[in-house]
Trainee: 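Pasting a structure below so you can have a look.
Indexing begins at 1, ligand by ligand and atom by atom, following the structure's order. A quick note: this is a predicted structure, and the numbers were derived from the prediction, not measured.
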Amino acid sequence: MAKPKVMVCDQMADGPLNAMKEAFDVDVNTGQTPEGLADTIGAYEAIVVRSATKVRKPAIDAAVKAGNLKVIVRGGVGIDNIDHEYARSKGIEVMNTPAASSISVAELALGMMLACARHIGMGTHSMKNGEWKKKELKGVELNGKTLGIIGYGRIGREISKRAEAMGMTVIGHDKFFDCCPVTQRDMEPLDQILSKADFLTLHIPYDPECGPTLNVEAFGKMKKGVIIVNCARGGTIDEKALLDALNEGTVYAAGLDVFETEPPGLTDLIKHPRVVTTPHIGAATAEAQQKVGDEVVDVLKRFFNV
Ligand SMILES: NC(=O)c1ccc[n+]([C@@H]2O[C@H](COP(=O)([O-])OP(=O)(O)OC[C@H]3O[C@@H](n4cnc5c(N)ncnc54)[C@H](O)[C@@H]3O)[C@@H](O)[C@H]2O)c1
C-alpha cells in the first residue's frame with residue numbers, strides 16, 4: 001500500500017524527520033508564504049507546521065478542492081497560526097503536541113525571574129560597555145518570596161515545582177478551575193494573586209475577546225515592586241500599562257519572551273533598563289525540538305494507523 005503523503009512545512013529535528021520518512025512519503029518544503037502553501041497543499045494527506053507557516057483559509061480551500069488533506073499537525077502548543085476552526089468545519093483535523101516544550105518554557109521563565117532579580121541583563125550590557133556597576137546592581141533573592149502563577153496548566157505546574165524547590169511560596173490562579181485537577185492545589189482569585197505576589201508569571205493563551213489579563217486595572221492591584229515574567233503569549237499583558245508601571249515603580253522589572261507584535265522593534269519597553277528580553281525562544285531548546293518531532297511522528301502514526 002502507498003505510504004500517506006506528508007508535507008513538512010517548517011524546520012524539524014533530523015532524528016524525528018528520518019523516523020517520519022520510514023513510515024510516510026515525506027516532502028520538506030519550508031519557507032512557504034500563505035499563497036505558496038495554497039499552491040502546494042493539494043497533493044498531501046497531512047501537513048506538519050511549527051509556528052512559522054500560516055495555514056489560512058485560502059490554503060484550506062485549496063486543500064478541500066483537491067480532496068486529499070486529512071490532518072494538519074502543529075508541532076508545538078498554540079494553533080493560532082492555523083485557521084483551525086475553519087479547517088475542522090471542512091472536515092480537516094487539526095492536532096498539536098502540547099506537552100513537548102513545557103519544561104523548556106518553565107526553565108526560561110525561571111531564568112527570567114533570576115535575570116530580573118539579579119540584573120543579569122544589565123550587568124552584561126554595562127560590562128560590554130566597559131562599566132563596573134557593582135554598587136548599583138543590588139538585587140533580591142527568590143527564596144522566601146511569593147510567586148503568583150497565572151494559568152496553572154502544563155507549564156504553570158512545571159514552574160510551580162521548580163519555584164518551590166528554590167524556596168518560594170507558590171500561589172496559583174486559573175480561570176477554569178478552583179482546584180488543580182492534577183496537583184489538587186487550591187487556586188486563588190486573580191485579585192488575591194495580584195495583591196500578594198512578589199513575582200508574577202503568566203502561562204495562559206491570549207484570548208482576543210477578553211484582551212490583556214494584565215491591564216491597567218490589574219497593575220493597580222499589584223504589590224509595589226513586583227517582578228513580572230511573560231513567556232506565554234503576546235497580548236496577555238498591556239505593554240503600555242507595563243511600561244507606565246515600570247516607570248512609576250509599581251513593577252520593579254520584567255522578563256519578556258513574547259510581545260504584542262513580533263518582532264516588536266526597538267520600543268521604549270524593550271529599551272527599558274529593567275526589562276530582560278528574548279525573541280520568543282521558550283521552546284527553542286534541543287530537547288524540546290526533539291520531543292516535538294517525536295510527538296509529531298507519534299501523532300501522525302496514530303492518525304494514519306501505520
Ligand atoms: N514562549 C514560548 O515559546 C511558548 C512555548 C510553548 C507554549 N507557550 C505558551 O504558554 C501558554 C501555556 O501553555 P501550556 O502548555 O501550559 O497550556 P495549558 O493549556 O496546559 O495551560 C494553560 C492554563 O491556563 C488556563 N487559562 C486559560 N486562560 C486563562 C486566563 N485568562 N486566566 C487564567 N487562566 C487561564 C487554562 O485553564 C489552563 O489551565 C500557552 O499560551 C502557550 O501558547 C509559549
Trainee: Got the closest protein heavy atom to atom 43 (O) of ligand 1, with its distance?
Mentor: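 I find the closest protein heavy atom is Arg233 CZ, 3.2 Å.
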
Trainee: Can you confirm whether the side chains of Tyr152 and Arg185 place a donor and an acceptor under 3.5 Å from each other?
Mentor: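 Yes, a side-chain donor-acceptor pair sits under 3.5 Å.
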
Trainee: Please state which protein non-hydrogen atom is closest to atom 12 (C) of ligand 1 and give its distance, to 0.1 Å?
Mentor: His203 O, 3.5 Å

Trainee: Can you sort out which atoms of ligand 1 are near Asp257, meaning under 4.0 Å from one of its heavy atoms?
Mentor: 1 (N), 2 (C), 3 (O)

Trainee: Taking C-beta and beyond as the side chain, do Ile150 and Leu200 meet within less than 4.5 Å on heavy atoms?
Mentor: yes

Trainee: Using a strict 4.0 Å cut-off to heavy atoms of Cys231, name the atoms of ligand 1 that fall inside it.
Mentor: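 Answer for ligand 1: 1 (N), 2 (C), 4 (C), 44 (C).
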
Trainee: Taking atom CD of Glu136 and atom NZ of Lys138, what is their separation to the nearest 0.5 Å?
Mentor: 11.5 Å

Trainee: If you measure from atom 33 (C) of ligand 1 to every heavy atom of Lys175, Arg157, Glu158, which option wins on shortest distance?
Mentor: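 Of the listed residues, Lys175 has the closest heavy atom.
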
Trainee: Starting at CD1 of Ile60, measure out to OG of Ser89 and round the result to the nearest 0.5 Å.
Mentor: 8.0 Å

Trainee: Note the single closest protein heavy atom to atom 39 (O) of ligand 1, along with its residue, its atom name and the distance in Å.
Mentor: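 So the nearest neighbour among protein heavy atoms is Asp174 OD2, 2.6 Å.
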
Trainee: Enumerate the atoms of ligand 1 whose separation from the nearest heavy atom of Ala232 is less than 4.0 angstrom.
Mentor: 8 (N), 9 (C), 10 (O), 44 (C)

Trainee: Could you check whether any side-chain heavy atom of Glu45 comes within less than 4.5 Å of a side-chain heavy atom of Leu69, counting everything from C-beta outward?
Mentor: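 Side chain of Glu45 against side chain of Leu69, heavy atoms only: no contact under 4.5 Å found.
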
Trainee: Nearest protein heavy atom to atom 5 (C) of ligand 1, by residue and atom, and its distance?
Mentor: Val105 CG2, 3.3 Å

Trainee: Taking only heavy atoms of Gly282, which atoms of ligand 1 are found under 4.0 Å from at least one of them?
Mentor: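 This gives 1 (N), 2 (C), 3 (O) as the contact atoms.
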
Trainee: So if I count the atoms of ligand 1 from 1 in the order they appear, which ones are less than 4.0 Å from some heavy atom of Phe177?
Mentor: 39 (O)

Trainee: Between Glu141 and Arg118, does any side-chain N to carboxylate O distance fall below 4.0 Å?
Mentor: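 Salt bridge: no.
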
Trainee: Please could you name the atoms of ligand 1 that Ser101 approaches to less than 4.0 Å, counting only its heavy atoms?
Mentor: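 Ligand 1 atoms under the 4.0 Å threshold to Ser101: 6 (C).
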
Trainee: Using a 3.5 Å cut-off on N or O atoms only, is Arg154 in polar contact with ligand 1?
Mentor: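 Yes; at least one N/O pair falls below 3.5 Å.
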
Trainee: Under a 4.0 angstrom heavy-atom cut-off, which atoms of ligand 1 come close to His280?
Mentor: 1 (N), 2 (C), 3 (O)

Trainee: Quick one about Thr236 and Asn230 (side-chain donor to acceptor, distance below 3.5 Å, no hydrogens or angles considered), yes or no?
Mentor: yes

Trainee: If we only count N/O pairs under 3.5 Å, is Tyr206 in contact with ligand 1?
Mentor: no

Trainee: So do Val8 and Tyr44 actually touch side chain to side chain, heavy atoms under 4.5 Å?
Mentor: no

Trainee: Atom OG1 of Thr40 and atom CE of Met7: how far apart are they, to the nearest 0.5 Å?
Mentor: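 Between Thr40 OG1 and Met7 CE, I get 3.5 Å after rounding to 0.5 Å.
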
Trainee: Among all protein heavy atoms, pick out the one at the shortest distance from atom 21 (O) of ligand 1; state its residue, atom name and that distance to 0.1 Å.
Mentor: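 Going by distance alone, atom 21 (O) of ligand 1 is nearest to Gly153 CA, 3.2 Å.
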
Trainee: Considering the heavy atoms of Ala283, write down every atom of ligand 1 situated less than 4.0 Å from one of them.
Mentor: 3 (O)

Trainee: Counting only heavy atoms, tell me which of Ile155, Leu256, Ile281, Ile79 gets closest to atom 10 (O) of ligand 1.
Mentor: Ile155

Trainee: So is Ile204 polar-close to ligand 1, meaning N/O to N/O under 3.5 Å?
Mentor: yes

Trainee: Between Asp298 and Arg302, is there a side-chain N and carboxylate O pair less than 4.0 Å apart?
Mentor: no

Trainee: Do Tyr252 and Val140 have side chains that get closer than 4.5 Å, going by heavy atoms?
Mentor: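 They are not in contact (no side-chain heavy atoms under 4.5 Å apart), so the answer is no.
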
